[in-house]
Amino acid sequence: MEDLLFPPGFVWGSATAAIQIEGAASEEGKGPSIWDVFCRRHPERIHDGGTPEVACDHYHRWAEDVRWMSHFGHTGYRMSISWPRVLPEGAGTPNEAGLAFYDRLFDALLAQGIAPNVTLYHWDLPAALQSWENPATVEAYLEFAELCFRRYGDRVKLWATLNEPAWTTMQGYFTGVHPPNRKDPRAAIQVAHNFLTAHTRAVELYHEIWGRPRSGEGIGIALNVSHVYPATDSPEDVSAARLADGILNRWFFEPVLAGRYPEDVSALYRRCGLAPVGEVDFARDTVDWLGVNYYFPHHASADAPSTDYHLNISGEKQEASRFAIEGLFRFVQNPRGRYSDWNWEIDPKGLYELLLRVREYRDLPVYVTENGIGLQDRLEDGEVDDPQRIAYVSEHLQAVHRALQQGVDVRGYYMWSLMDNFSWVNGYKKRYGFLHVDRETLERTPKRSAAWFSDLARSGILQVGE
Ligand code: BG6
């Protein structure tokens, strides 16, 4: 048995997003988001027709949820603010009841010594705004950001502008699997640019209002970065992997960390006549910290005869996920890989590579803002035994520890997720939580992994091996 010691002050917590847990979708003045509308209109596109209408009812059960976090030894909690709850029309008159909900939540968290790490935008765009293609959405987002910074900035010391702009751009505007269900590469590239513009301006705005933060605090962004390995050593696959990395990772990484777009991908978009419109100087102000969301890596092949995509939303292993862009790259399965039921590869090394890579751009505080595994957990005799989750989190924390030893400034880890929640198009079958949530009664039951994590959070020691 080996003991891996994490640094004092390392943040131990879990993560959620407003629409995935809150429910109360149209209570006390909340406006609809594009997800509320999509789920109502297209139940056939969500596993078992799930909706975020009730979710985990966190809007009413928040006090119990904070008690659980405290019980699990959390020192941090990553969450998001529902934009349509505080600005039902996306801009204009704020909804005081919605604002007051987050006042109560932040006060309760702080009273338990749990530092909130708050994401402004976690995909629940107010339906009134329709799409990020529209430049007016960027202006409305800044109004929302300013409202939150001024109202909560005295208590919230860690902010993230956006959650996973790459994933939401891809699924919302290229594959069309997520709302607003567009399938248009030009729209996708423009939306990515609008996200990055909104991000840069929000960073500036935060610093204007609250000044320069202490180390480890301030404003950042949560990027999903899936390490891309070439499927084989062939030069074609190596360059396909580089390109896939450019489109999905570097296009977001480099404006955020290096203040510019990657030249190879910019040149590609220009050649195709798809360069985004609108000037922005990404270098004018930059993040205080970076959040990385990591679940799985990709393996890219150059053999991509057609554009093709499919997401496994059933949790049946035979339903393969696919993603290919004609003539550029296709993602393939790793023949030696371990996979979850939703065909997400389990590869902790990818997290280690990613953390080292961040430092190549900039040596700044990093938080693992999401990492976890979706399982088909079952409540039996009042207990949920989830050894696969314990193994997954342990292996990934070992990767974090190795990165720390290499000098990467990792400040904390937020497990996805505090509780089983609305897993987007996967509905409710895919369970990620420390807390099992009964779909009938909404009763919370801590899983074995929660007890394991509590010991870890309290001791700061990860025990590895037999
Ligand atoms: C991230 C998101 O992409 O992964 C979370 O930030 C999400 O909101 C998590 O739930 C797991 O993805 P999924 O689709 O399996 O729920």
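Numbering starts at 1 and runs along the sequence shown. Nothing here was measured: the structure is a model prediction, and the numbers come from that model. Counting starts at 1 for both ligands and their atoms, following the listed order.
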Below 6.0 angstrom between ring centroids: does that apply to F6 and W12?
yes
Centre-to-centre under 6.0 Å for F296 and W342, is that the case here?
no
Is there a side-chain contact between R201 and V138 (heavy atoms, below 4.5 Å)?
yes
What part of A17, side chain, backbone, both or neither, has a heavy atom within less than 4.0 angstrom of ligand 1?
neither
At under 4.0 Å between heavy atoms, is it the side chain or the backbone of V425 that contacts ligand 1, or both, or neither?
neither
Flag for [Y]-[X]: side-chain donor and acceptor within less than 3.5 Å:
X    : Y    : answer
T16  : Y77  : yes
T51  : R40  : no
Y367 : N117 : no
N194 : Q190 : yes

Using 30° and 60° as the class boundaries, would you call the ring planes of H193 and F282 parallel, tilted or perpendicular?
perpendicular
Check: N421 N/O within less than 3.5 Å of ligand 1 N/O:
no
Could you tell me whether some N/O pair between W123 and ligand 1 is separated by less than 3.5 angstrom?
no
Are there over 12 heavy-atom neighbours, none belonging to R41, within less than 6.0 Å of that residue's CZ?
no
Looking at [atom], what's its closest protein heavy atom, distance included?
atom                    : result
atom 16 (O) of ligand 1 : S423 OG, 2.6 Å
atom 3 (O) of ligand 1  : E164 OE1, 2.6 Å
atom 2 (C) of ligand 1  : E370 OE1, 3.3 Å

By number and element, which atoms of ligand 1 are closer than 4.0 Å to a non-hydrogen atom of [X]?
X    : answer
Q20  : 5 (C), 8 (O), 10 (O)
N163 : 2 (C), 6 (O)
Y432 : 11 (C), 12 (O), 13 (P), 15 (O), 16 (O)
K430 : 15 (O)
H122 : 2 (C), 5 (C), 6 (O), 8 (O)
W424 : 5 (C), 7 (C), 8 (O), 10 (O), 14 (O), 16 (O)

Which of the listed options, W344, W416, W167, Y295, holds the heavy atom that is closest to atom 12 (O) of ligand 1?
W344
Here the pair of heavy atoms bringing F331 nearest to V228 is CE2-CG1, 4.2 Å
Under 4.0 Å, counting heavy atoms only: does N426 come that close to any atom of ligand 1?
yes
